Enquirer: 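Okay, here's the structure, questions in a sec.
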2 protein chains.
Amino acid sequence: MLATQPQQLDLVFAALADPTRRAILARLAQGEATVNDLVAPFDLAQPTISKHLKVLEGAGLVSRGRSAQFRPVRLEAGPLAGVDQWIGGYRQFWAQSHDRLEAYVKTLQAEESSRDD
Amino acid sequence: MLATQPQQLDLVFAALADPTRRAILARLAQGEATVNDLVAPFDLAQPTISKHLKVLEGAGLVSRGRSAQFRPVRLEAGPLAGVDQWIGGYRQFWAQSHDRLEAYVKTLQAEESSRDD
DNA sequence: CCTTAATATAGCCAATTAGCAATATAGCTA
DNA sequence: TAGCTATATTGCTAATTGGCTATATTAAGG
């Protein structure tokens, strides 16, 4: 259950492929923000940011509120959990090489301590 | 150290955004494969797969060997570790809501057990 | 050598995308 | 109501992308 469907992963990965969008998420990790808050740190026009937000929203990575004429944006981490789960299937592949490295280091240490020079 | 640079993440996420490319990685998780091995399961032309492989290679997600006229492809999980690390910065956000869900469930159970109807 | 097999490259097309400026909409506030 | 502020929408462009067919390259094997 909860297994993110492939199509959702397409959207999420595509959304994460843009550095501006990742920066937006990083900003949102510190709390809700208005569109203008998000425009400020970038050298990009407001409509450009609005478009990025639409992409993020399409991927489920952010949601929008409504408060007067503001449309506060907040982070939705759910899809990231989906990515985490997907990537879990590959974790063994780098854990493995890490283990091998560790084993190798231990071998070196063993040699070291058994040497008498 | 080892902190994957943003530009690399661009390439990796972009590579992962395509379902065909993710399927290729899934296949490679079971071991090295030739280009033809990778063409077989898809209804796509060989040059199309070669192009996908180039994208994956550009992102560092696969590497190519050479054995006669074969160019065996193998999975390189390093960049996935980079993604895992990036995503780690957000892990608290879904762990948090999971905790809240758990707390809520406990509240329900507490109510349940204290009720006398 | 000539042929066949594996893969890469080139060139084309349609769709998508990141950016912009201009304009529209929506909701306060005076 | 008028005007100001926040945001969305529209319409444009240049670049990128996923797919194809056709062709080039590379290496074995007869």
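These numbers were taken from a predicted model, which means no experiment stands behind them. To find a chain, count down the sequence lines: A is the first, B the second, and so on, and within it residues start at 1.
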Enquirer: Specify the separation, in whole Å, of atom CG of B/L56 and atom C1' of C/dT7.
Expert: 16 Å
Enquirer: Would you say A/T34's side chain and A/D37's backbone share a donor-acceptor pair under 3.5 angstrom?
Expert: yes
Enquirer: How long is the straight-line distance from CG of A/L56 back to NZ of A/K54, given to the nearest 0.5 Å?
Expert: 13.0 Å
Enquirer: Is the side chain of A/R21 donor-acceptor paired with the backbone N or O of A/A14 at a distance under 3.5 Å, no angle test?
Expert: yes
Enquirer: If the plane angle is over 60° it's perpendicular, under 30° parallel, otherwise tilted; pick one for A/F13 and B/F13.
Expert: tilted
Enquirer: Starting at atom CZ of A/F70, determine the distance to atom C1' of C/dC28, rounded to an integer number of angstrom.
Expert: 9 Å
Enquirer: Show each protein N/O and nucleotides 25-30 of chain D N/O combination with a separation under 3.5 Å, one pair to a line.
Expert:
none

Enquirer: What are the residues of residues 26-34 of chain A, sorted by number, that bring a heavy atom to within less than 4.0 Å of DNA chain C?
Expert: none
Enquirer: Spell out, as yes or no, whether a donor-acceptor pair under 3.5 Å connects the side chain of B/Y90 to the backbone of A/A81.
Expert: no
Enquirer: Using atom names, set out every protein N or O paired with an N or O of nucleotides 17-21 of chain D below 3.5 Å, distance rounded to 0.1 Å.
Expert:
| from | atom 1 | to | atom 2 | distance (Å) |
| --- | --- | --- | --- | --- |
| D/dG18 | OP1 | B/R21 | NH1 | 3.3 |
| D/dG18 | OP1 | B/R21 | NH2 | 2.8 |
| D/dG18 | OP2 | B/R21 | NH1 | 3.4 |
| D/dG18 | N7 | B/K51 | NZ | 3.3 |
| D/dG19 | OP2 | B/H52 | NE2 | 2.2 |
| D/dG19 | N7 | B/K51 | NZ | 3.2 |
| D/dG19 | O6 | B/K51 | NZ | 2.8 |
| D/dC20 | OP2 | B/A45 | N | 3.0 |
| D/dC20 | OP2 | B/T48 | OG1 | 2.3 |

Enquirer: Can any side-chain N or O of B/R71 pair as donor or acceptor with the backbone N or O of B/G65 at less than 3.5 Å?
Expert: yes
Enquirer: Over how many whole Å does the gap from A/R71 atom CZ to D/dT5 atom C1' extend?
Expert: 15 Å
